[in-house]
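Read through the structure below, which is laid out as structure tokens, and then see the notes.
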Amino acid sequence: MAGFRNGRGRDNREAPQGQPHPPYYGQQQWPQAGGGHHGGGGHGEPEYFGNHQGQGQGQVQGGGYDPYAANNPGHTQAFSVNDDPYNQGATYQAGSTPAGPIGPRLHWKELLSGVVLRPAATYLQMRDYAMWAPALIVTFLYGLLAIFGFDGAREDVINATLSSAIPYVLTTGVAVTLSFFILGIVTHTLARQLGGDGAWQPTVGLSMLIASLTDTPRLVVGMFLGGDEMFVQLLGWATWLAAGALLTTMVSKSHDLPWPKALAASAIQLIALLSIIKLGTF
């Protein structure tokens with residue numbers, strides 16, 4: 001029976017029994033999953049999560065393709081808020097750089113006391129911070145007094161005029177500061193070659209503080225008793241061993257190295273401190 005179009009342009013012909021009515025002109029027909037039956041209960045809604053158990057992504061029952069399935073472009077997939085695809089429970093491992101500083105920068109008083117009294121925690125916390133002001137000031141002051149720890153040099157300074165003694169003392173302070181700075185760079189370079197990952201500024205600054213602070217007891221006693229006294233020599237060996245332990249701990253914490261490699265990285269600086277400062281051959 002011939003049909004006719006109504007005023008809106010729709011075809012009023014009835015479809016044969018058992019066949020779906022053809023879509024109207026300009027009307028969008030949603031793709032159906034499972035042979036024309038939606039997974040949402042047949043309400044004519046698009047099936048955005050049409051992934052059924054046992055089927056691949058974007059496939060529906062009967063082997064068809066569902067463009068609204070999850071993981072297709074422009075569509076979403078449900079996931080847990082606790083899932084982190086970029087960090088599957090990974091923990092900090094040796095040799096990997098931490099994401100950021102362990103803690104805040106220490107005040108200079110806490111830094112100086114922590115270098116000797118709380119070495120491990122102090123070195124680990126300061127491994128990401130430069131400390132040029134404390135390192136340079138303490139090392140320079142140590143260098144000014146270092147000349148008085150040697151018997152011959154002390155006599156020359158005491159017997160010299162003031163105008164001659166001041167440049168002599170200042171020159172010694174600058175020379176000791178530069179020497180400790182260079183030794184710190186050598187220690188950092190060796191640590192990096194052995195697999196360390198620390199920054200050079202904290203390593204150099206801490207090494208300068210360790211070298212200066214550990215030798216201060218020997219220097220103070222030697223100023224009064226003389227550098228050739230047996231007690232001063234024994235005290236120098238004891239403070240040198242303490243410097244070796246602190247330098248090894250510092251390199252280990254700053255560069256995340258095992259202690260044998262940290263000790264190897266500190267070896268040149270320790271030998272230099274022993275021959276130049278402790279044994280009085282400066």
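The analysis underlying the following values was restricted to heavy atoms, covering all of them including side chains, and did not include hydrogens, waters or symmetry mates. For clarity, every value in this text was computed on a predicted model and none was experimentally measured.
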Any donor-acceptor pair under 3.5 Å from [X] side chain to [Y] backbone:
X	Y	result
R105	A130	yes
T122	P119	no
S252	L257	yes
Y123	V115	yes
H255	G198	yes
N159	E155	yes
R127	S254	yes
R118	S113	no

Co-membership, hydrophobic cluster, residues [X] and [Y], 4.5 Å side-chain:
X	Y	answer
W240	L234	no
L194	I271	no
F224	M230	no

Can you find a pair of side-chain heavy atoms, one from [X] and one from [Y], that are under 4.5 Å apart?
X	Y	value
L213	Y142	no
T214	L246	yes
S212	F180	yes

Which heavy atom of [X] sits nearest a heavy atom of [Y], and at what distance?
X	Y	result
A262	T248	CB-O, 3.3 Å
A243	I210	O-CG2, 4.1 Å
A265	V251	CB-CG1, 4.1 Å
L209	M131	CD1-SD, 4.2 Å
A211	L273	CB-CD1, 3.9 Å

Interatomic distance, OG1@T187 vs CD@Q269, rounded to 0.5 Å, equals 3.5 Å
Could you measure the distance from the CD1 atom of I182 to the CE atom of M208? Nearest 0.5 Å is fine.
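Output value for this atom pair is 10.0 Å.
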In terms of relative ring orientation, are W200 and W132 parallel, tilted or perpendicular, with 30° and 60° separating the classes?
tilted
Using distance alone, with no hydrogens and no angle criterion, decide if S164 and T161 have a side-chain donor and acceptor under 3.5 Å apart.
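Checked: S164/T161 side chains pair up, N/O donor to acceptor below 3.5 Å.
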Criterion side-chain contact (heavy atoms from CB on, under 4.5 Å) against [X], the qualifying member of [options]:
X	options	value
V169	V174, V157, L145	V157
L144	T172, L170, T139	L170
S207	I185, V186, L247	L247

For V138 and L112: C-alpha separation, side-chain torsions, deciding distance, then whether side-chain contact (heavy atoms from CB on, under 4.5 Å) applies.
CA-CA 9 Å; V138 170; L112 296 183; 4.0 Å; yes
Going through the checks in order, is the side-chain contact (heavy atoms from CB on, under 4.5 Å) test met by L111 and L206?
CA-CA 9 Å; L111 173 62; L206 287 173; 4.3 Å; yes
